[in-house]
Participant: 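Please read through the structure below; I'll follow up with questions.
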Amino acid sequence: MSNNKEKEKSDKKYKLLFVCLGNICRSPAAEEIMRRIISQDGKEADYTLDSAGLYGGHAGSLPDARMRAHAARRGYLLEHKSRKIQERDFETFDYIFAMDDSNYDALRKMAPTVEDTMKVRRMSDYLQHYLSDCIPDPYYGGASGFENVLNLLEDACDGVYKKLKNGDEL
Ligand code: 4NP
């Protein structure tokens with residue numbers, strides 16, 4: 001993240017971080033889906049959005065070509081460069097959204113303080129129309145897995161945004 005982006009962060013009302021394993025499929029898609037929802041409501045100035053992965057093996061890479069292609073069909077341009085989550089992200093962000101239970105457990109273990117563990121949320125808890133206990137990893141699957149991820153994330157991001165907009169507890 002650039003210095004400008006770092007400086008900007010402190011002024012924002014909500015700082016949301018989306019986390020998956022590789023930060024090349026699910027979490028960069030979640031970040032961009034949330035960005036569109038917020039910009040459609042004209043609230044860009046209130047939000048800092050970012051994504052990260054628990055595994056750093058893809059650091060510096062653009063999202064997976066399959067994820068980018070599926071997202072592009074819905075008009076999302078995924079340009080995030082993969083990065084590994086760092087301990088200081090727990091200080092920076094208000095909420096950290098895990099895509100599945102494995103991400104959730106790893107994030108809670110990594111959190112430096114008890115307060116920080118409370119920032120970790122399961123993305124699937126905000127689904128409104130779909131029923132799923134996780135946003136499933138699409139990496140080793142086919143096209144339908146990527147479409148499923150996008151469907152679930154559009155639903156869950158909208159659920160998160162509605163709650164924040166209403167001032168509800170997440
Ligand atoms: P993501 O998907 O966690 O949604 O970015 C994956 C990306 C890479 C790997 C696994 C899942 N991998 O094993 O390299």
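These numbers were taken from a predicted model, which means no experiment stands behind them.
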Participant: I need the minimum non-hydrogen distance between E87 and P112, along with the two atoms involved.
Facilitator: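 E87 and P112 have their closest heavy atoms at CG-CG, 3.5 Å.
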Participant: For L153 and M99, run side-chain contact (heavy atoms from CB on, under 4.5 Å): C-alpha distance rounded to whole Å, both residues' side-chain angles, the deciding distance at 0.1 Å, then the answer.
Facilitator: CA-CA 9 Å; L153 287 175; M99 298 296 137; 3.9 Å; yes
Participant: Under a 3.5 Å distance rule, please check whether R66 uses its side chain to pair with a backbone N or O of Y139 as donor and acceptor.
Facilitator: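 Yes, R66 side chain to Y139 backbone: donor-acceptor pair under 3.5 Å.
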Participant: Any idea which heavy atoms bring A52 and S27 closest together, and the distance?
Facilitator: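 So the minimum-distance heavy-atom pair works out to O-OG, 3.4 Å.
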Participant: Do you know the tightest heavy-atom contact between L127 and S132?
Facilitator: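 Nearest heavy atoms, L127 then S132: CD1-O, 3.5 Å.
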Participant: Hey, are E91 and R88 close enough for a salt bridge, meaning a charged N less than 4.0 Å from a carboxylate O?
Facilitator: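 R88 and E91: not salt-bridged.
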Participant: How far does CZ of R68 sit from CG of L77, to the nearest 0.5 angstrom?
Facilitator: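 One gets 8.0 Å once the value is rounded to the nearest 0.5 Å.
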Participant: Under the side-chain contact (heavy atoms from CB on, under 4.5 Å) criterion, do V160 and Y95 qualify, and how do the steps go?
Facilitator: CA-CA 11 Å; V160 168; Y95 294 105; over 6 Å; no
Participant: Could you check if a side-chain atom of Y76 sits within less than 4.5 angstrom of a side-chain atom of E154, using non-hydrogen atoms only?
Facilitator: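 SC-SC contact between Y76 and E154 confirmed.
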Participant: Mind checking whether N148 and P136 have side chains closer than 4.5 Å, heavy atoms only?
Facilitator: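 Result yes, sub-4.5 Å side-chain heavy-atom pair found.
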Participant: If the plane angle is over 60° it's perpendicular, under 30° parallel, otherwise tilted; pick one for Y47 and Y161.
Facilitator: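 Aromatic pair Y47/Y161 classed tilted.
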Participant: Within a strict 4.5 Å, meaning less than it, do heavy atoms of the N103 and F97 side chains meet?
Facilitator: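 Of all side-chain heavy-atom pairs linking F97 with N103, none is under 4.5 Å.
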Participant: Compare every heavy atom of C157 with every heavy atom of M34, then report the nearest pair and how far apart it is.
Facilitator: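 Closest heavy-atom pair between M34 and C157: CE-O, 3.4 Å.
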Participant: Using modelled atom types and a 3.5 Å cut-off, is there a donor and acceptor pairing between side-chain atoms of R26 and backbone atoms of D100?
Facilitator: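 Absent.
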Participant: Between the main-chain N or O of G53 and the side-chain N or O of S82, is there a donor-acceptor pair closer than 3.5 Å?
Facilitator: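 It does not hold such a pair.
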Participant: Could you check whether any side-chain N or O of D155 sits under 3.5 Å from a backbone N or O of L152, counting only pairs where one atom can act as donor and the other as acceptor?
Facilitator: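 Checked: no pair found.
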Participant: Please tell me if the side chains of I38 and L49 come closer than 4.5 Å, counting only heavy atoms from C-beta onward.
Facilitator: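 With C-beta onward as the side chain, the pair touches.
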Participant: In plain terms, say whether D101 and R122 are close enough for a salt bridge, that is, a side-chain N and a carboxylate O under 4.0 Å apart.
Facilitator: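 Yes.
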Participant: Any side-chain to backbone donor/acceptor pair from K84 onto A59? Under 3.5 Å, distance only.
Facilitator: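 Not confirmed, K84 side chain does not pair with A59 backbone.
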Participant: Please examine the side chains of K81 and L62, heavy atoms only from C-beta on, and report whether any two atoms are closer than 4.5 Å.
Facilitator: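 Counting from C-beta outward, L62 and K81 do come under 4.5 Å.
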Participant: Examine the side chains of N23 and S51 and answer whether a donor and an acceptor come within less than 3.5 Å of each other.
Facilitator: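 Note: N23 and S51 side chains meet the donor-acceptor criterion.
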Participant: So which heavy atom on A29 is nearest to which on L150, and how close?
Facilitator: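 Of all heavy-atom pairs spanning A29 and L150, the closest is CB-CD2, 4.2 Å.
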Participant: Please assess T48 against F93 for the test side-chain contact (heavy atoms from CB on, under 4.5 Å), listing each intermediate value before the final yes or no.
Facilitator: CA-CA 9 Å; T48 289; F93 290 92; 4.2 Å; yes
Participant: For I85, is there any backbone N or O sitting under 3.5 Å from a side-chain donor or acceptor partner on D89?
Facilitator: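 No; zero donor-acceptor contacts below 3.5 Å.
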Participant: Compare every heavy atom of K163 with every heavy atom of E169, then report the nearest pair and how far apart it is.
Facilitator: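 What the structure gives for the nearest pair is O-CD, 3.9 Å.
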Participant: From the options R83, K15, R35, select the one residue that forms a salt bridge (Lys or Arg N to Asp or Glu O under 4.0 Å) with D50.
Facilitator: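 Single salt bridge (Lys or Arg N to Asp or Glu O under 4.0 Å) partner of D50 among R83, K15, R35: R83.
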Participant: Decide side-chain contact (heavy atoms from CB on, under 4.5 Å) for Y126 and L170; before the verdict, give the C-alpha distance in whole Å, the side-chain angles of both, and the deciding distance to 0.1 Å.
Facilitator: CA-CA 9 Å; Y126 303 95; L170 286 193; 3.5 Å; yes
Participant: Would you call K109 and D105 a salt bridge, using N to O less than 4.0 angstrom?
Facilitator: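 Looking at K109 and D105, the cut-off is not met.
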